Amino acid sequence: AQSVAQPEDQVNVAEGNPLTVKCTYSVSGNPYLFWYVQYPNRGLQFLLKYITGDNLVKGSYGFEAEFNKSQTSFHLKKPSALVSDSALYFCAVRGYGGSQGNLIFGKGTKLSVKP
Amino acid sequence: DTGVSQDPRHKITKRGQNVTFRCDPISEHNRLYWYRQTLGQGPEFLTYFQNEAQLEKSRLLSDRFSAERPKGSFSTLEIQRTEQGDSAMYLCASSSALPEAFFGQGTRLTVV
């Protein structure tokens, strides 16, 4: 069965420091991987995706993520955190060749960036 | 704004009543999805349309839930005989041939 795990409920970072939000996945075949961000009372905003190619993918707002096939991980990173990055972050996976509809989401990680 | 639009944004209903939500996808997107999100959880897939065809339904979509996309444009999600457990944020998303989906702001349902 396909699944996504986000092992940290919350990540606290000081402004200006690097941040990492962790994600591991389980899927048969090659995965399509995604990161979304959700601000309070808002829908999800697409940040970035990994489909194939370079393991380091860059996305919106200075975020990037590193795909590691051997560790089945897709951690979200940013070199220098901003207070405005504080939000709920979701990792999601869709199995290659599987349904176009069935995105599996993790439970989310709350990122808190303090000044 | 050419994003995904959902209406209403909030709905409070009494247990046992029927409710209907509407989703207008991004105009050139032929794929449309419904998800449900409860507090502290990630979104859970409910159903998926490609054009007007409903291609997939989750086991979460009980007999009381029905979704339509009659002309391959907007979609409606109806919940009959609402229960308190139906209280959640209902999210609609759309996509083109690209794998990423774009989400609306959601409809928050409260069943009292």
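Proteins come first, then strands; the chains are lettered A, B, ... in the order of their sequence lines, and each starts at number 1. All values derive from a computational prediction rather than experimental measurement. Hydrogens, waters and symmetry mates play no part in the numbers below; they use all other heavy atoms, side chains included.
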Interatomic distance, [X] atom [atom1] to [Y] atom [atom2] [nearest 0.5 angstrom]:
X        : Y        : atom1 : atom2 : value
B:Tyr48  : A:Leu103 : OH    : CG    : 11.0 Å
A:Phe90  : B:Gln41  : CZ    : CD    : 9.0 Å
B:Gln105 : A:Gln38  : CD    : CD    : 10.5 Å

Check: By a 4.5 Å heavy-atom criterion (distance strictly below it), what part of A:Ile51 contacts chain B: side chain, backbone, both, or neither?
Finding: side chain
Item checked: Structural part of A:Gln45 lying under 4.5 Å from a heavy atom of chain B ->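 No part of A:Gln45 comes within 4.5 Å of chain B.
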Are [Y] and [X] linked, directly or through intermediate hydrophobic residues, by side-chain heavy-atom contacts shorter than 4.5 Å (ILVMFWY only)?
X        : Y       : answer
A:Tyr39  : A:Leu76 : yes
A:Ile104 : B:Trp34 : no
B:Val4   : B:Phe49 : no
A:Phe105 : B:Leu32 : no

Would you say that more than 12 heavy atoms from the other residues, nucleotides or ligands in this model lie under 6.0 Å from the [atom1] of [X], or not?
X       : atom1 : result
A:Tyr61 : OH    : no
A:Leu56 : CG    : yes
B:Glu68 : CD    : no
B:Arg15 : CZ    : no

Notebook entry, point to check: Who among B:Arg9, B:Gln37, B:Arg108 has the most heavy-atom pairs with chain A under 4.5 Å?
Noted result: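 Greatest number of close heavy-atom pairs with chain A: B:Gln37.
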Next item on the list: Between chain A and each of B:Ala93, B:Pro43, B:Gly106, count heavy-atom pairs under 4.5 Å; write down the option with the most.
Entry: B:Pro43
Quick one: does [X]'s side chain get under 4.5 Å of [Y]'s, heavy atoms only?
X       : Y        : value
A:Leu44 : B:Tyr35  : no
B:Pro99 : A:Phe34  : yes
A:Tyr36 : B:Glu100 : yes

Note to self: I need the minimum non-hydrogen distance between A:Phe46 and B:Ala101, along with the two atoms involved.
What the structure shows: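 Looks like CB-O, 4.4 Å.
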